[in-house]
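Data block below; observations after.
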Amino acid sequence: MKKFISEGGLVLPLDRANVDTDYIIPKQFLKSIKRTGFGKNLFDEARYLDKGLPDADCSGRPINPDFVMNQSRYKGVSILLARENFGCGSSREHAPWALDDYGFRCVIAPSFADIFFNNCVKNGILLIVLKDKIVDKLFSETAANEGYRLAVDLPSQTITTPSGETIAFEIEESRKNILLNGLDDISLTLQNKEDIQAYETGWQQKSPWLFSQLGS
Amino acid sequence: MAGLTLYDKLWESHLVKNLEDGTSLIYIDLHFLHEVTSPQAFEGLRLAGRKPWRAGANMATPDHNVPTTKDERSRGVEGILDPTSKIQVKSLDSNCLEFGISEFQIDDPRHGIVHVIGPEQGRTLPGMTIVCGDSHTSTHGALGALAHGIGTSEVEHVLATQCLVQKKAKNMLIKVNGQLNPGVTAKDVVLAIIGHIGTAGGTGYTIEFGGEAIQSLSVEGRMTVCNMAIEAGARAGIVAVDEKTIEYVKGRPFAPTGATWDLAEAAWRDLVSDADAVFDAVVELEASDIVPQVSWGTSPEMVAPVTGNVPDPASMSNESKRNNYQQALKYMGLQAGVPIQSIQLDRVFIGSCTNSRIEDLRAAAAVVKGRKVAANIKEALVVPGSGLVKTQAELEGLDKIFTEAGLQWREPGCSMCLAMNADQLGEGEHCASTSNRNFEGRQGFGGRTHLVSPAMAAAAAVHGHFVDIREVELS
Ligand code: SF4
């Protein structure tokens, strides 16, 4: 799995609460059976003025100039600054795949939806939860300063602003470990193979009906 | 020591082990798969040379992008006109074959929306842990199972290990006291709950729905409530097992029988929160306060009573919320303050895993019987949740009632709930929908969704705008 250690990059401010995964990647792009290539359709409905079709070439599509990501100053962003409840709705992992494919390595917001959070960790994307007030401040600093960059460092759990201010953030130990080491969690789980088998045997004795669902 | 909540019990009975880093390994009894979130997981297994841990614990069906017209469906998978959808459905078929997973294929009479067919077949049983690469897996919690959505990496993980790495959530009890008024349904209850606690209100919790009003609901109604737990931010919603749960499960194709049934039933009777269990949060609502609900915005928390008006963002004290409301009104093309009943509609959709079971169709049919769809409604779809729901409805003559009133009777699938097939809203169109999400573009590019109950959607089809179902005479 992809690692996350640190990231220094331009910040994209997406000033909108409750951004759902339909908004991040609309359903017509979910017909792909691959994990890659979703970046060009990230935020598709906000980003382009026409209706996006799967497999279509996006280079000639009319761009929505009002959408923040289309402003030239935000070219090459890798850190997304967002509002509360980011990533709510559908469990589609296509959302983190699209963020990753576009080049985002880190998302900062006051809160995230549960399933989205897990899906990001599995794809090496760091999600940082900060207090509303701090997020507000980052929004105004990003807006006021063209070329605003943040340096995110996972080992020390800090974000450094252009003025040198550091902001500490919390992360669960388990998630930190997975991100820093890019661990393959299936292999990790299979290290407990004997425990799983022992559990399964006991559970089958206790609840045999769960293991004989053959249908009639 | 305080007693255990139902969630605590389900968690503890499935705990394989606590891991050093504070997470836990949880055993999964049943895994549902569909065509959209599984191809990359199967690909992952193939690349790593892995096999499913226990193939029999999985069950698959294509539902998200199957067409719903008779014409396309009469030719099975080959009849799917959209080439990318066809590839996805075919991939599910070939993956299931390759990995030995049982599947109800598109032309199986038992085919349908995965969250409708699981309980219908008796695959969903009380006390199970259930996951699926789909957030509305929470539906199955209505039967006293711990059920929630997962991402594709986790789909692969469950296939390979039969386990999920999890952190235990907190316990929330949402108690709906007293009796519901006539015309107020499970859908109105859950919309009112989400309106009350917000779409992030349940984040980090497993919600147990309880209280007299929830107990009075049928098991199908409880599925509607648990279905939308995710819209309240909770991954899982559950309802305690009672007589109705047991009656519901009994005799279903995959349910246990004979001596095993007796054993199972005895175990299931314990699937309730202990009287002295402690919840981290408790929210109480009075059933008598709940009136039929209509969503006016682009988030399921943006709901109003059918007798109310579209709210004014200016009345919001919180700035971020004010902006949010303004964006929603702009997208919906609505003015603050207009009565909900004055919103003109273009389409009606009755279906989805929230409301496509037989009771939902009966409720809708009772409203449209002997009436006609209003002239301004371009299209009104009724999409049963499964092949068996469809057959049952036809036995009862509901299909005739719908078609005589001018609604279309379709083949089962997710359909316009997420519009991955040809069933879509046009730009700017307003739709009365029994589904669960009113996000921007959810039902079609530029489409405007209003979430309502089946009876409210049916009444809206007849009148061309929302009406208070409590004032509609039913046949
Ligand atoms: S009916 Fe809608 S919500 Fe339910 S599984 Fe299908 S797409 Fe998802």
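Each chain gets a letter, A, B and so on, in the order the sequences are listed, and its residues count up from 1. Just so we're clear, the structure is a prediction, and the values are computed from it rather than from any experiment.
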So, the part of Ser13(B) with a heavy atom under 4.5 Å from chain A: the answer is both

Shortest non-hydrogen separation from Tyr148(A) to Leu138(A) and the atoms involved:
OH-CD2, 3.6 Å

Salt bridge (Lys or Arg N to Asp or Glu O under 4.0 Å) between Glu156(B) and Arg35(A), intermediate numbers included
CA-CA 13 Å; Glu156(B) 186 181 338; Arg35(A) 268 175 196 262; 3.5 Å; yes

Between Glu194(A) and Lys17(B), does a salt bridge (Lys or Arg N to Asp or Glu O under 4.0 Å) hold up when you go through it step by step?
CA-CA 11 Å; Glu194(A) 279 154 27; Lys17(B) 73 188 280 195; over 6 Å; no

Checking heavy atoms, do the side chain of Trp53(B), its backbone, both or neither come under 4.5 Å from chain A?
side chain

So, the part of Ala57(B) with a heavy atom under 4.5 Å from chain A: the answer is neither

For Leu125(B), which atoms come within 4.5 Å of any heavy atom of chain A: side chain, backbone, both, or neither?
side chain

Under 4.5 Å to a heavy atom of chain A? For Thr199(B) that would be both

Would you call Asp29(B)-Arg123(B) a salt bridge at under 4.0 Å N-O?
no

Between Lys31(A), Lys122(A), Glu93(A), Lys51(A), which residue shows the highest count of heavy-atom pairs closer than 4.5 Å to chain B?
Lys31(A)

Could you look at Thr23(B) and say if it's the side chain, the backbone, both or neither that has a heavy atom under 4.5 Å from chain A?
side chain

Do Ser24(B) and Asn18(B) meet the criterion of a side-chain donor-acceptor pair at a distance under 3.5 Å?
yes

Please state whether the side chain, the backbone, both or neither of Val165(B) comes within less than 4.5 Å of a heavy atom of chain A.
side chain

Honestly, the part of Gln197(A) sitting under 4.5 Å from a heavy atom of chain B is both

Donor-acceptor pair, Arg47(A) side chain versus Leu42(A) backbone, under 3.5 Å?
yes

Is Asp44(A) in contact with chain B via its backbone, its side chain, both, or neither, using a 4.5 Å heavy-atom distance?
neither

Less than 3.5 Å apart, any donor N or O on the side chain of Glu7(A) or Ser78(A) sitting next to an acceptor on the other?
yes

Is Asp195(A) in contact with chain B via its backbone, its side chain, both, or neither, using a 4.5 Å heavy-atom distance?
both

Which region of Asp184(A), side chain (C-beta onward) or backbone (N, CA, C, O), has a non-hydrogen atom less than 4.5 Å from a non-hydrogen atom of chain B, or is it both or neither?
side chain

Does any heavy atom of chain A fall under 4.5 Å from the side chain of Asn436(B), the backbone, both, or neither of them?
neither

Would the distance check show the side chain of Asn123(A) and the main-chain N or O of Ile125(A) forming a donor-acceptor pair, the cut-off being under 3.5 Å?
no

Given Ser102(B), Ala48(B), Ser38(B), Ser85(B), the one with more heavy-atom pairs under 4.5 angstrom with chain A than any other is Ser85(B)

According to the side chain to side chain donor-acceptor pair (under 3.5 Å) rule, which pairs have a member within residues 169-183 of chain A, sequence neighbours left out?
Asn118(A)-Arg175(A), Gln157(A)-Lys176(A), Asn177(A)-Asn181(A)

Less than 6.0 Å separating the ring centroids of His94(A) and Phe38(A)?
yes

What are the residues of residues 198-207 of chain A, in order of number, with any heavy atom under 4.5 angstrom from a heavy atom of chain B?
Tyr199(A), Glu200(A), Trp203(A)

Bottom line for Leu19(B): the part with an atom under 4.5 Å from chain A's heavy atoms is side chain

What I want to find out is whether Asp136(A) reaches Lys131(A) closely enough, with some N-O distance under 4.0 Å, to be called a salt bridge.
no

Counting only N and O atoms by type, is there a donor-acceptor contact under 3.5 Å from the side chain of Arg105(A) to the main-chain atoms of Gly124(A)?
yes

Is Glu319(B) in contact with chain A via its backbone, its side chain, both, or neither, using a 4.5 Å heavy-atom distance?
neither

Report the C-alpha distance between Arg46(B) and Asn95(B) in whole Å, list the side-chain angles of each, state the deciding distance to 0.1 Å, and finish with yes or no for side-chain hydrogen bond (donor to acceptor under 3.5 Å, both in side chains).
CA-CA 10 Å; Arg46(B) 245 189 312 268; Asn95(B) 282 327; 3.0 Å; yes

Counting heavy-atom pairs under 4.5 Å to chain B, which of Asp15(A), Leu210(A), Asp114(A), Thr21(A) comes out on top?
Asp114(A)

By a 4.5 Å heavy-atom criterion (distance strictly below it), what part of Met128(B) contacts chain A: side chain, backbone, both, or neither?
side chain

Side chain, backbone, both or neither: which part of Lys321(B) has an atom under 4.5 Å from a heavy atom of chain A?
neither

Report yes if the distance between the aromatic ring centroids of Phe86(A) and Phe116(A) is under 6.0 Å, otherwise no.
yes

Checked Gly127(B), Gly149(B), Cys132(B) vs chain A; the most non-hydrogen pairs under 4.5 Å come from Gly149(B)

Residue Arg50(B) versus chain A: region with a heavy atom under 4.5 Å
side chain

Which of Glu20(B), Glu43(B), Lys167(B), Met59(B) touches chain A most, by non-hydrogen pairs under 4.5 Å:
Lys167(B)

Which atoms of His148(B) approach chain A - backbone, side chain, both or neither, heavy atom under 4.5 Å
neither

May I ask you to decide if the ring planes of Phe104(B) and Phe254(B) are parallel, tilted or perpendicular, using 30° and 60° as cut-offs?
tilted

Which residue out of Ser111(A), Pro54(A), Pro96(A), Ser32(A) racks up the most heavy-atom pairs below 4.5 Å with chain B?
Ser32(A)

Result for side-chain hydrogen bond (donor to acceptor under 3.5 Å, both in side chains) between Ser135(B) and one of Arg235(B), Arg437(B), Glu231(B) points to Arg437(B)

Are side-chain N/O atoms of Asp153(A) and Ser156(A) paired as donor and acceptor at under 3.5 Å?
yes

Report the option among Gln88(B), Glu154(B), Glu301(B), His64(B) that has the most heavy-atom pairs separated by less than 4.5 Å from atoms of chain A.
Gln88(B)

Just give me the residue among Glu84(A), Gln28(A), Lys34(A) that pairs up with chain B most often, heavy atom to heavy atom, under 4.5 Å.
Lys34(A)

Tell me, out of Ile150(B), Thr37(B), Ile87(B), who's got the most heavy-atom pairs with chain A below 4.5 Å.
Ile150(B)

Polar side-chain atom of Asp101(A) near backbone of Gly39(A) as donor-acceptor pair, under 3.5 Å
yes

Test your reading of the model: is there a side-chain donor-acceptor pair from Asn145(A) to the backbone of Glu141(A), 3.5 Å cut-off?
yes

